[in-house]
Amino acid sequence: MRVLSFLACLLAATPALSDTVFASKTMRPRDVITEQSVHLKDVDTPGAAQSLDAVIGTEVKRAIYAGRPVLHSDIALAALIERNQIVAATFSVKGLTIETEARALERGSVGDIIRAMNLMSRTTIRAQVMEDGRLKVLP
């Protein structure tokens, strides 16, 4: 009897739906997602964000149209450094620290490795974007 009731429960079980984040309005590339831009729906969409906290404050990589799910592949961390922006760059090795200014040749968010031009020597450098908006020059 228990086996029959267990099988009946398995057959009658419906898949659980999870929340999915949907766009409330059309968002273009480089737009930063705000609370008014998105809402939750009780549907399961593979590859879509499932929490408002996961998407609010991120930047749109590709256009997301109103009423469509917000996919993880369509968003990224918001850029902290814009192309052609003048930023402080620091190079440190074995106790020696050199600070200078550089012009960003690419956009970048925290943790990204971008190219920049040292304004003193006019050479291209590779640097990592830090949380405070500075560049950490890589050897």
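Fair warning: this is a prediction, and the values are worked out from it, not measured in the lab. All residue numbers refer to positions in the sequence shown, counting from 1.
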Undergrad: Quick one: closest heavy-atom pair of A127 and L135, and the distance?
TA: CB-CB, 3.7 Å
Undergrad: Side-chain polar contacts of residues 105-114 - donor-acceptor pairs under 3.5 angstrom, sequence neighbours left out - could you list them?
TA:
unit_1, atom_1, unit_2, atom_2, d
E106, OE1, R115, N, 3.4
E106, OE2, R115, NE, 3.0
R107, NE, E82, OE1, 3.0
R107, NH1, E59, OE2, 3.1
R107, NH2, E59, OE1, 3.1
R107, NH2, E59, OE2, 3.4
R107, NH2, E82, OE2, 3.2
S109, OG, D112, OD2, 3.0
D112, OD2, S109, N, 2.9

Undergrad: For the residue pair V21 and L52, establish whether any side-chain heavy-atom pair is separated by less than 4.5 Å.
TA: yes
Undergrad: Taking all heavy atoms of I64 and all of A23, pick out the closest pair and write down the distance.
TA: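 For I64 versus A23, the nearest heavy atoms are CG2-CB, 3.7 Å.
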Undergrad: Can you tell if the side chain of I33 reaches within under 4.5 Å of the side chain of I75, non-hydrogen atoms only?
TA: yes
Undergrad: Do other residues, nucleotides or ligands put more than 12 heavy atoms under 6.0 Å from the CZ atom of R83?
TA: no
Undergrad: So that I can tick it off, tell me whether K61 and D74 are bridged by a salt bridge, with the cut-off set at under 4.0 angstrom between side-chain N and carboxylate O.
TA: no
Undergrad: Under the 3.5 angstrom rule, does the side chain of T45 hit a backbone N or O of P69 as a donor-acceptor pair?
TA: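 Pair absent, no side-chain N/O of T45 close to backbone of P69.
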Undergrad: Could you tell me whether the side chain of D19 reaches within less than 4.5 Å of the side chain of D42, counting heavy atoms only?
TA: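 Result yes, sub-4.5 Å side-chain heavy-atom pair found.
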Undergrad: So if I apply the side chain to side chain contact (heavy atoms under 4.5 Å, CB included) rule between R103 and each of I86, V87, N118, which one comes out positive?
TA: I86
Undergrad: What do the steps show when you test V38 against M27 for side-chain contact (heavy atoms from CB on, under 4.5 Å), and what is the final call?
TA: CA-CA 10 Å; V38 291; M27 295 176 280; 4.3 Å; yes
Undergrad: Please report, to 0.1 Å, the donor-acceptor pairs under 3.5 Å made by any side chain of residues 88-95, with sequence neighbours excluded.
TA:
unit_1, atom_1, unit_2, atom_2, d
T90, OG1, R134, NH2, 2.8
S92, OG, T97, OG1, 3.3

Undergrad: Are the side chains of Q50 and D44 in contact, using a 4.5 Å heavy-atom criterion?
TA: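 A side-chain contact under 4.5 Å exists here.
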